[in-house]
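Here is the structure we will look at.
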Amino acid sequence: MPDKIILTVIQGQLLGQQYIFDYRTSCIIGRSPDCNPQLPDDSHHLGISRYHCLLDINPPDIRVRDFGSKNGTYINGKNIIPNP
């Protein structure tokens, strides 16, 4: 079985939604219509920036770069850029 990256939404109205990547790609997560995956642009998702973070995916590896979002980007519950 080929390597893959699975991103799973763990809270909110998209709870359980999965995004599966089994190929080399880069993408931006956010609320903007040109993001992929795009999260809803509604009052429940105001903690997500329009352009929140970049994913550089090369299964089984992934690099995540926060774009300076006010609420941070978390991986497994840990902020990838801790506050000073």
Side-chain angles (χ1 to χ4, degrees):
M1 175 176 261
D3 292 324
K4 61 184 168 184
I5 299 290
I6 301 173
L7 303 178
T8 304
V9 178
I10 60 170
Q11 67 183 41
Q13 67 189 49
L14 297 178
L15 180 67
Q17 172 73 42
Q18 291 189 328
Y19 301 92
I20 301 172
F21 301 91
D22 57 2
Y23 52 89
R24 173 79 174 92
T25 190
S26 293
C27 57
I28 296 175
I29 293 178
R31 294 181 291 122
S32 179
D34 54 342
C35 289
N36 185 24
Q38 179 193 10
L39 300 177
D41 188 13
D42 60 22
S43 61
H44 299 290
H45 294 88
L46 294 179
I48 305 295
S49 300
R50 287 186 308 264
Y51 299 98
H52 197 86
C53 65
L54 171 74
L55 303 180
D56 181 14
I57 300 168
N58 189 10
D61 300 316
I62 183 170
R63 291 182 181 188
V64 181
R65 179 178 161 214
D66 183 89
F67 286 148
S69 61
K70 292 180 183 177
N71 293 312
T73 297
Y74 292 79
I75 298 175
N76 297 330
K78 185 174 181 179
N79 192 342
I80 64 171
I81 303 177
N83 293 330

Counting only N and O atoms by type, is there a donor-acceptor contact under 3.5 Å from the side chain of Arg65 to the main-chain atoms of Cys53?
no

Would Ile81 end up clustered with Val64 when hydrophobic side chains under 4.5 Å apart are linked, directly or stepwise?
yes

(Q) If you define the side chain from C-beta out and look only at heavy atoms, does anything of Asp56 sit under 4.5 Å from Arg24? (A) yes

Taken to the nearest 0.5 Å, the spacing of Asp34 CG from Arg50 CZ works out to 10.5 Å

Exercise. Around atom CZ of Arg31, are there more than 12 heavy atoms of other residues, nucleotides or ligands at under 6.0 Å?
Worked result: yes

Below 3.5 Å, can you tabulate the donor-acceptor pairs from side chains in residues 5-13 to any protein atom, sequence neighbours excluded?
residue : atom : partner : partner atom : Å
Thr8    : OG1  : Gln18   : NE2          : 3.2

Distance col, row Ser26:OG vs Ile62:CD1, nearest 0.5 angstrom, shows 10.0 Å

Those residues at least two apart in sequence (or on a different chain) that pass salt bridge (charged side-chain N to carboxylate O under 4.0 Å, His left out) with Asp66 are none

Q. Is any NZ, NE, NH1 or NH2 atom of the basic residue among Lys4 and Asp22 found under 4.0 Å from an Asp or Glu carboxylate oxygen of the other?
A. no

Nearest heavy-atom contact between Gly72 and His52 is O-NE2, 2.9 Å

Distance col, row Leu55:CG vs Ile29:CD1, nearest 0.5 angstrom, shows 4.0 Å

Between Tyr51 and Phe67, the two heavy atoms sitting closest are O-CD1, 3.5 Å

Q) If we only count heavy atoms from C-beta on, is the Lys70 to Ser49 side-chain gap below 4.5 Å? A) no

In terms of heavy-atom contacts, Gly30 and Ile48 come closest through CA-CG2, 4.1 Å

When rounded to the nearest 0.5 Å, the distance separating CD1 of Ile80 from CD1 of Ile75 is 5.0 Å

Q) Run the side-chain hydrogen bond (donor to acceptor under 3.5 Å, both in side chains) check on Asn36 and Tyr19 step by step: do they pass? A) CA-CA 10 Å; Asn36 185 24; Tyr19 301 92; over 6 Å; no

